[in-house]
Every structure is written in structure tokens, then in C-alpha cells.
Amino acid sequence: MRTRQLDKTYDPKTVEARWYQVWSDRGYFRASPDNPGQPYCIVIPPPNVTGSLHVGHALNHSLQDILIRWRRMQGRNTLWLPGTDHAGIATQNVVEKQLMAEGSSREALGRERFIERVWQWKAASGNTIIAQQKQLGESCDWDRLRFTMDEGLSKAVLEVFVRLYEDRLIYRGERLINWCPRCLTALSDIEVEHEDVKGKMYSIAYPLEQDSTVTLTVATTRPETMLGDTAVAVHPDDPRYNRFIGRKVRLPLTDRTIPVVGDAILVDREFGTGAVKITPAHDFNDFEAGERHQLPRLPIFDHRALLDSEGLKTAGVYADLISNIAGNPVSKARPQIEQALKDRGLLVKVEDHKMAIGKCYRCKTVVEPYLSPQWFIKIKPLAEPAIQAVERGRIRIIPEGWTNNYLGWMRDIKDWCISRQIWWGHQIPAWYCRSCNSRFIHEQLTTSATGTPITRITLLQGAVPIVARSAPTQCPECLGHDFLRDPDVLDTWFSSGLWPFSTLGWPERTPELKAYYPTSTLVTGLDILFFWVARMIMLGLKFMGDVPFRDVYIHALVRDAEGQKMSKSKGNVIDPLHVMEQFGTDALRFTLASMASPGRDIKLAEERIEGYRNFANKIWNAARFAHLYLDGPRTSGPLNERSFPDRWIVSRLNQTIETVGFELEAYRFDRAAAALYHFIWHEYCDWYLELIKPSLQDAASADAPATRQTLVDTLETTLRLLHPFMPFLTEEIWQTLPDHGESIVVQPYPTPDASRRSADMEQQFLLLEQTVSLLRTARVLLNYSPGQPIQFVVAHDDATRREHLKGLQPYFAHLGRGTADLIPTSSWPTKNLLRLVSEGLSVGMTVAGDVDLQKALDRILKQQEEQAKEIGRLEGKLASQDFAAKAPPEVVADHRQRLHSLRGDQSMLASSETQLRAMRGV
RNA sequence: GGGCGGAUAGCUCAGUUGGAAGAGCGCUGCCCUUACAAGGCAGAGGUCACAGGUUCGAUCCCUGUUCCGCCUACCA
């Protein structure tokens, strides 16, 4: 049993890479449906394939790895399935930026070559995050790495699309959608971020057709959209305006007249002027109002959100105005419209107004409601079962508080726009017969942002798609062979929505699906609850007939030390790789776990990580200590024949095992981490190791062989208990212990054992701790140096405790660094003695030499004061009739007991005070 | 506008059936005591946001207020 020499400080760098390689080579993370044990499966929330690991990933992944390693050690058949996401818009943007730097563009390249280029980029940078995940110690089954654009997953996407289409849950239609004029694509509702801004409210007068002296004043925050107005709405019950309903107003700056309609839904009489302009082509509410009143839609912006001359012409805008504003963005056009209205005396007033504007979550450009044909998923039929699954507890959301959030969103869910006008992604499996649809295929010659001439193909509303798993060869209508494939791709979340089953092989019926679906736990951040989690639930239920996971654990967002969201532009990001380099991976993992309190964001500062680096080092040194003494003989006799420290630490360890297991079951990583930290540092290191030193250092000690065994056993068990949190350190140390097996990774996780518990030892320990603490305090008060041996006396009011103290004597003598006499206080010296008191326990320490007793006196006085306050409080309560009558008897008894003990302490302290004053000669 | 969460030591946060306020970090003092100075020991520091209510008793339960977050929303 040769033990290795350990360095004085733990050096994570050399250790981490080495062990990860070993674990990997030995295939510990490899899963198989044939493995024994109840399956436990987590699918990773796939990070962007071309991204790199940020601290949010580090948190998300650390927690998953803790769960997986814990379950693996418990003997479950674990699978942690890794993968990456193609992140359509984001990735396309990155590659486009590269092209731009080269003076090229995706249009110049063409679709096919552009996509090739993205694959190249994926090949070049796609492994970055995977390597970083390994650095974090993630025990994923890397052989099963999946990518949303893989052949298998693409097949799943195709299958789902076709089936949903066949079930009439996917449809194509011209709707107002959120459009990013920079990405030039539609976005789903939740891809729009709302931001409060200070805007202006413009009041514009619309003269009545028959009598231009009478005007109807409407209010708007976007005056330029008035050019596309097709009606004005007033409330049907509003006496100010309802007589106008059915009449017409002249739309300023145009040659059009538009009707006044009554609409109780759109109009809030209290707001603004009480009259609302309706622009169905550029506002979601107006779109719906337009449907109610069969109003025409007049788009006046193009796809880049520039005023469109064709549209303006159609809208009957004055030609001279068109020539001024066509091609202008809103920022330029608005003042021009404002001026034009002012010139005609139709701008009634402009007021400050705060409002929310929508921005593209990828590029922060202001999104425009834009009328265009898109693909949608009819979501209500899918949402219904997804609501029930959560309501009925088939899926548990943790912390529970988010459940209502989920349900609320699901109940009010809108159809999901799934088409994106980009190239990188799963192209929609829809084809159009060119001859049958010739009227609907609109090809427009235009130029790209970089000036490349391009053809924009728009498939107008009315085009009839053929949706199929593969390209059709013949048109069933005209028997033609010329097809145009829908150029749009699917929202990335469409494919990630299939993740829990597509990664397991669906639509094939694989053994993996059978074993691991439904997966056990999903770990994710709140930000993608709707984007991803909700959609996985809907699609999982639809296509697998069962929920995709049992538990959804939602963790916090990681912020900087000031609570600011981390962002590259703010420069406040904590780079997990840098942190791992600096403090070690285990320290980072433990930090994140310990800060993962539910419902609260994590404010991360490097000092915290440094603190846990120190913790790692503490453990390291505890192991070094153990190694100093492990060479001697070891015997493992029955527990009850072992020494007090041994039995105590075994009991405490047992408690810690119980706590950690309990907290992990409840996803309380923070509490599990705190329990480990406290046990290891403040019980094992601070007390146990100190308590056993005399025995270990005494060659003649009878306890030593059993203590050596307890020492190594408890250390070994603690390492296993800690391993999911700090995998590298624990493996490194564990391998140096005698009689070790192959790897700690595949060792059983500790389980509590009631026979190891000893309430008696724990209670005696508290007495010991109390005694030692008083001794140490006295030593400091009297300025005795820590090493200087002291003579002291100890007594206790309580007979049982006195008995215990007898047995504990060698321990507190050792920890107090001195000799201790257990004698009744009545026989204590009356001179030159400092006496400290606590809960019936008294310790006395000889005052020698010329010491300043003021500090000691101050402490006594302070304690007296505190106790007097507490005595007063207890006396007050006990004097109350109500308290005696209504409080539970055990509480009353407890209060009496405490009062009694405090009074005893008070009299002791009084005599101590008297002595001190006498010694000072005051 | 609606919903949710938070307000506890200088800082970050625990506090689970209401019955003596806790941790980590930081701070002060003393110590290089043969595992660890990335350490040890001892300390200081809190009308548990505010105001009411329920209760014998409230950090905890209820109501209201203030101040922060977050989510959500079509007030033009």
C-alpha cells in the first residue's frame, strides 16, 4: 500500500487533462440501452455549434454533469446526450460577416456555395465548444454527439413537417408577421424583444370628406404609417364621434378617402383622442381590425423597411411627396411627413410618449410588422395536451413557481411562424409546380446590400405547394416536371423542438428511444422556456405520445458581480475558460453549484471562485495529512469500539450523505454544496483531523489502528460524495488512497446508514466544542500565545455533562493546549483566575504575569448584558397567563429550562466579574 | 396594463410545517502550532424594507405601502 507523495498545493492543470483522457479512453461515459440499471437520461440543451462556452453554459452544464455523475454512481443506466444546434440566423450572420470582410456576400456566392461555406465554418469552429465542454469535465456520451442538421435529425424534421402538414397543423398564409429588415427574415413572436423607449405621440387631423371644416383627430406614434391608412375607427358608443361612423374622411397627403368605422375592440375611448387610424398592413391590431371590417391592406414599406414607391403610388400618395420620401428609412421619412402635415395645418400636436418597440433578438434591429406569406403551425391543438401534461404533473417544473408562467403562455399561445427567409437551415419540403402557380411566383430583380443584383422570389398567397418527403417528379394537376422548391428554411427551434427524440433515433424505432424516452430531466435557463421547452413538450407529445422529460429544472441567469447582464459590449463577461485556467475547473463547478439557489439570479464575482479554489486546496491538504499516517497498521473493528472522534465523524459524515442525497433529489445544488463544504472544512478538517492527531502521533496509542482506518474510510467516502461536484480533484486523491479500484467515476455513491448515526457522540461533541471555544477565548483574552501550555479548570452544573467532560478531557486538553482539571467550581482558586461561563459550563484559566484584564472584563460585561436582556424576555413570556395556557408544554418547559440556565450563568458571571475587578484593583 | 420574484450582517445569499437570527466572502486582532498562510484561532457587525393585522408568540402567515428585478402585453 505505497502511497504517493502529494505536492503542497493542488495543481488542477496537470490533473484535469490527464483524468479526462483516462475516463474518456475507458468509455465510462458511454451509454447503452443494454446496460443494467434504471435509465437516467438528460439531453443537453444544444449550444450554437459555432459558439464558444460562456459562463451560462458552464452553469447549465455543471448542473447536468452533477446530476449525471451522481446517477451514474448510483448505478443508473445513464445517458447524457450531447449535441449542437445550427442556430440558423446567428450562424448565417456570422458567415455573412466574414464574407463581407472579404468583399463578398452570400448573394454573390449563391445559395449552394454559401451553404457549403457555412459547413466549412462549422467544420472549422464546431469543435471549439465541444473541446471546452470536455475541459469542464462533462461526462457526456460523446459517441452520440448530435447536430440539428445531421442526416438523422434532418430526416426527423422532414417527417414532422410532412405529418403536421398532413394533419393540417401546418399551413401557409399571408399574415402580418414580425420582420427583421436587417436579417431580411420573418421572426416568431418570441424572437422579438420589447424595449421601452421615449417616443412621441402625434395627433393628426383628418378632414371629413363632405365638410373639410370638420376634422377627426387621430393619435399615432408612427405618423408615417398614416399613408397606408385604410380607415379610421371610433368607439360605437362614443357620443363624440359615433355620428361619423359610415362617413368618410380625406386621408391627408393622399388622394384617398377612407371610411370611419365603429370598432369597440380596437378603440379605447379614454386613450389618445378616442379615434384611431387603421393601417392593416403595418400594425397587428389594425390587421385584425382590417379583417373585421374588410379593409384593404396597403403596404408602404418594402422588405428593408424603406418607403416603397410602388406601395406609396398604390396608396395614392401625392407624387411630389413620393419623390421626396421613397427609399427612405423611417428615421428620415418621419420628419418629412411631420413637416408635410404641419404645412397643411393638420398636425394638431406632438407630445412625449413612452412606448415599447420590438427588436430582433439576434441583431437588435427594430422589427417591422410586415405583410408576407409565411408558414405557420396551428398551435392550439398541440398546446392543449402540453398544458395538461404540466397541469396533471406528468411534467414537473422546478422551481414550481415557473409553472404558472408556462401555463399562462401556453393558454394564450399564438400560431407559430416557422418559415425563415434565410439559407442556413432545414429547407422547407414544399415544391410548387411552376406552370400551375405561374401567377403566384413573383420574381423581383433587386440588389443586395452589397450591390449584387439578385432575384427575390416571393411565393404569393394562393400558390399551391406540394409537401412531400422528397422532391415530386410530376405535377398531379398538369403533369408538368418543372418545380420550384420553397426557398424558406425552418425556424431553428423547429428542429430543436424534436431534440429529445430526434437525437435518440426517431423516426426509427431504436432501442435508445425505448430505453431513454421520456428522458429524465431537462436542465435549462428560463430564457428558453417558451422557445424550446414548451415546443419540445408539444412536439414530444404529438410524435412520441409521451412527454419528453419528467422534470424540467430551470436555473438562474448568471450576471456579473453588480447584477448586470453579462455582455461582450459591456466588457463584463467572466470567461469560464480563463477562470478554469486560473482557479481550476472543480472550483468553477463548485462555485456555480453553490450559487444555484432557485429563483434568484447568480451574481458571480471572481472572489467566490477563488474561495472555492481554496476549498479544493483544503481538501488536497487533508489528503496529504492522511497520507502522513496511513502507513501504520489499520484495523476496522466494530464502530462502537472506536474512539469518540471516529464515531463522531462517522455520524456526521452519515448525516452529510443523507443531506446531500436529499438536496440533490430536490435539485438544491446550493444546499448540497453547502453541506459538503461545511462538513469537509468545518467538521472534518477543523475538528476531526485535529482531534485524532494525538493518537496518530503516539506510537503507543491503542486507538491509532482503528483511527487510521476511519480516517481513510471517511476520506474515501467523502471523495465519492463530492465527486459529482469536483470530479478531477476527487479522482486524483482517490487514486492515491490504498485499496482503490479503477476509477471513482464508476464507484457507488454513498448512501446513509442509520447504524452509523450517534446522537450521543454528536451531543458530546457540542459540549467539547463549547469547552474548547471557551478555552480559546480565555487564552486570547489573557494574551497567552497559542502554543504556550496553560493550566485550566473546567466544571459543569449538569451531572450528565460533567460525566461527559470526564471522557472528553484528553480532547479538550489537547485542543486547548494545556492541562485541564475537572473540579467543582466551589474548589476553584479564588485568586488570579479568569472564569468564562456558557450554559452551565465554566472554564477557569490562571491569570499569570502582567496582563490587561480590561478585555476580559469587557467581554464578561457584554455577555451579562446580553443575557440579562434574554432573561427579561423569557421572564416576560413566562409571566404571561396566555403563554402558559396556550403555548405547547414542551415550549414552555424549554423556556423555563433556558431561563434557569441563564440565571445560573448570570451568578457565575457576577462572581467572575467581581474577581476580575479585584485583580485589577478597581 | 397584467403576472411573478426579491428586499435578512459591509457584499452575495441560506433560513421547509411561526417558539433563542445563519453561512460564505470581506473586515479587526493574535499566530509561519510539523496537512494547508490558498492556512489557524478569536472577534466586531443585523428594530430580518415600511405600516397595519392574525397569534400567547411573526424574519416566517394575511393586507397595504415603498423600492428593485424579471417575464408578459395590441393602449393607438
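Here the structure is a predicted model, which means the values were calculated and not measured.
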Answer yes when R240(A) and D238(A) have at least one side-chain N-carboxylate O distance shorter than 4.0 Å, and no when they do not.
-> yes
Looking only at atom P, what distance separates rC13(B) and rU17(B), rounded to whole Å?
-> 24 Å
Taking only the side-chain nitrogens and oxygens of N405(A), find out if one of them lies under 4.0 Å from OP1 or OP2 of rG3(B).
-> no
Tell me yes or no: between the side chains of H235(A) and D263(A), is some donor less than 3.5 Å from an acceptor?
-> no
Proximal nucleotide (of rC56(B), rA35(B), rG43(B)) relative to the A622(A) side chain | rA35(B)
Relative to each other, are the rings of Y361(A) and F531(A) parallel, tilted or perpendicular (30° and 60° limits)?
-> parallel
Euclidean distance, atom CG of residue D882(A) to atom P of rU54(B) [Å, nearest integer] | 14 Å
Distance in angstrom units between I609(A) CD1 and rG24(B) P, rounded = 19 Å
With respect to the side chain of W681(A), which nucleotide from rA73(B), rA76(B), rG40(B) is positioned closest?
-> rG40(B)
Would you indicate, yes or no, if rA35(B) has its OP1 or OP2 atom less than 4.0 angstrom from a side-chain nitrogen or oxygen of K693(A)?
-> yes
Taking for each residue the nucleotide of RNA chain B with the nearest heavy atom, is it W409(A) or N621(A) whose nucleotide lies nearer the 5' end?
-> N621(A)
Donor on one side chain, acceptor on other, Y684(A) and T714(A), under 3.5 Å = yes
Nearest-Å distance for atom pair OH/C1', residues Y10(A) and rA37(B) | 21 Å
Rounded to whole Å, the CD1-P distance (I554(A) to rC70(B)) equals 17 Å
Please measure how far the C1' atom in rG18(B) lies from the corresponding atom in rC71(B), and state the result in whole Å.
-> 32 Å
Check: Q697(A)/Y629(A) side-chain N/O donor and acceptor closer than 3.5 Å = yes
Using atom names, set out every protein N or O paired with an N or O of nucleotides 11-14 of chain B below 3.5 Å, distance rounded to 0.1 Å.
unit_1  : atom_1 : unit_2  : atom_2 : d
rC13(B) : O3'    : R600(A) : NE     : 3.1
rA14(B) : OP1    : R600(A) : NE     : 2.9
rA14(B) : OP2    : R600(A) : NE     : 2.8
rA14(B) : OP2    : R600(A) : NH2    : 2.9

Roughly how far apart, to the nearest Å, are rA21(B) and rG40(B) at atom C1'?
-> 27 Å
Checking rG43(B), rA38(B), rA76(B) against the side chain of D268(A) (C-beta onward), the nearest is rA76(B)
Separation of the C1' atoms in rA37(B) and rA44(B), to the nearest angstrom = 22 Å
In whole Å, what separates the C1' atom of rU72(B) from that of rC61(B)?
-> 29 Å
Can you tell me how far P in rG64(B) sits from the matching atom in rG3(B), rounded to whole Å?
-> 11 Å
Determine whether the side chains of E191(A) and S188(A) contain a donor N or O and an acceptor N or O closer than 3.5 Å.
-> yes
Would you kindly give the CG-to-P distance between D11(A) and rC36(B), to the nearest whole Å?
-> 17 Å
Separation of rC75(B) P from D238(A) CG (nearest whole Å) = 21 Å
Between atom CZ in R613(A) and atom C1' in rG39(B), what is the gap in whole Å?
-> 12 Å
Is any side-chain nitrogen or oxygen of K862(A) closer than 4.0 Å to OP1 or OP2 of rG45(B)?
-> yes
R776(A) has a side chain; which of rA35(B), rG24(B), rA42(B) sits nearest to it?
-> rA42(B)
Starting at atom CG of D412(A), determine the distance to atom P of rA73(B), rounded to an integer number of angstrom.
-> 8 Å
Under 3.5 Å, is there an N or O donor on one side and an acceptor on the other linking the side chain of K8(A) and the base of rC36(B)?
-> no
Judged by modelled atom types alone, do S597(A) and D670(A) share a side-chain donor-acceptor pair under 3.5 Å?
-> yes
Mind checking whether T524(A) and L529(A) have side chains closer than 4.5 Å, heavy atoms only?
-> no
When you check the side-chain N and O atoms of H353(A) and T221(A), is any donor under 3.5 Å from an acceptor?
-> no
Ignoring backbone atoms, establish whether R222(A) has a side-chain N or O less than 4.0 Å from OP1 or OP2 of rA76(B).
-> no
